[in-house]
Amino acid sequence: MAAEDITPGTADGAAPPVRKPSWKMIGPGIVVAATGVGAGDLVATLVAGSKFGYTLLWAAVIGCIVKIALAEATGRWHLATGRTIFDGWRSLGTWTTVYFAVYVVIWGFVYGATAMSSSALPLQALFPDVLPLKAWAILTGLVGLLFVWTNRYAIVEKIMMAFVGVMFLVVVYVAIRVSPDLGNAFAGLLPVLPSGSMVYTLGLIGGVGGTITMAAYGYWINAKGWADSGWMKMMRLDNRVAYITTGIFVVAMLIVGAELLHSSHLALASGDKGLLDLDKILEKRFGSSTSTLFLVGFFAASFSSLVGVWHGVSLMFADFVERVKAARGLTAETGVAPLTRGERERSTPFRGYLLWLTFPPMTLLWLDQPFALVVAYGVLGAFFMPFLAATLLWLLNSDRTPPEWRNGKLSNLLLAASCVLFLILCVEQVRDLPW
């Protein structure tokens, strides 16, 4: 029997035992969902609600389905083949390596500053006379670095689950406080496109939770110890629970935007600072306790994204380095085994990228982001999600994937639809760049 015909995780090609799905084992999906939902996503959802009320609620639901399909495809590749997503990308040609190398360096540099600033904003609002914004930003970056450097995936998962709990409870609580109009909310499930809503609709479907961290999902399920197709049912349960939770979270934010902003004709500042505007509105309407609670949820959303990226993208970078070294004959071991044993988290590339995410971006806290860097970051970032969707379609319909785990009609439909969606979003994002 040829080596490629042997099912991953077995010695003789026999199918691995099917693990019974258990709610107690849910985790990697929550981590990827929490990492993908940052402060910018919260603002985008609030703005959509403030401009169009409940009309685009259906887009948030479709977005949840799209994310489930993409994350399931990523996890299925890892479990069905015993190979990482970057290993799959390399099999498609050297162009994927070149794209990822440029992307991960520039993206990490700019994202590091963005994540630290976003995490610092609610802390400065909660403790206005303690430290300036830049000092809070540096502190959050250093805390994230220290936490990820000294802990393995199991601990990262626990803290991320705690952050998700805080985010979820706070946002749902605020949505209940604003007294949603349930009739209009249910009417918003009917697909309607008001004039001028196309960009916001696409953003709701593709934006919330859609980043490079979706590709990190496979690395996290491997770090959890799920390494073969016997874990497929567990992965699917984990993925669905995570993105349904995210969907409820997004719907709650849309309700807040619709009830608190749309009905009062209030506008938010652009970017993460828009959440500070919402804090003031909440304080005026419901008192300081609700306002403070919202700032805690704002911090949980921002800092969970920081921790998730510091860990997940560093794992991807470490795998990238090992695959490049293997291609040159410098290392021999491939597959997901080093991930399941936690070796990647102790590796020099992992820690090197952690340092890259933390210290060089601190310089951007004092400088306006250079024009060329902003454009490069925007272009590379815009192309990542269509890149992910298209390559998953390619990998999961080819002989690189065992026949029983290749895409079915529904998976192909959802991945193809998401590919088209993200290509349209990509064009819009590139057009909106400050050329």
*Asks:* How are the rings of W394 and W95 set relative to one another: parallel (under 30°), tilted (30 to 60°) or perpendicular (over 60°)?
*Replies:*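 W394 vs W95 ring planes: parallel.
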*Asks:* Is it the case that W220 and H311 place a side-chain donor and acceptor less than 3.5 Å from each other?
*Replies:*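 Short answer, yes.
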*Asks:* Charged N to carboxylate O below 4.0 Å: is that the case for R83 and D319?
*Replies:*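 Salt bridge: no.
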*Asks:* Are K280 and E283 ion-paired here, with the side-chain N under 4.0 Å from a carboxylate O?
*Replies:*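 Salt bridge flag = no for E283 with K280.
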*Asks:* Identify the heavy atoms of R344 and F350 that sit nearest to each other, and give their distance.
*Replies:*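 Shortest heavy-atom contact: O-CB, 3.0 Å.
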*Asks:* Check whether any side-chain N or O of W136 sits under 3.5 Å from a backbone N or O of L131 as a donor-acceptor pair, and report yes or no.
*Replies:*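 Judged by distance alone, yes, a pair lies under 3.5 Å.
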*Asks:* Do other residues, nucleotides or ligands put more than 12 heavy atoms under 6.0 Å from the CZ atom of R240?
*Replies:*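 Atom CZ in R240 is not crowded, with 12 or fewer foreign heavy atoms closer than 6.0 Å.
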*Asks:* Once the angle between the rings of F298 and F294 is folded into 0 to 90°, is it parallel (under 30°), tilted (30 to 60°) or perpendicular (over 60°)?
*Replies:* tilted
*Asks:* Using atom types as modelled and distance alone, determine if a side-chain donor or acceptor of S305 lies under 3.5 Å from a backbone N or O of A301.
*Replies:*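 The answer is yes, because a donor-acceptor pair under 3.5 Å joins these two groups.
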*Asks:* In Å, rounded to the nearest 0.5 Å, how long is the span from CZ of F100 to CZ of R323?
*Replies:* 12.0 Å
*Asks:* Strictly by modelled atom types, are W310 and T358 linked by a side-chain donor-acceptor pair under 3.5 Å?
*Replies:* yes
*Asks:* Main chain of A115, side chain of S118: is a donor-acceptor contact present, judged purely on distance under 3.5 Å?
*Replies:*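 Not a single qualifying donor-acceptor pair exists.
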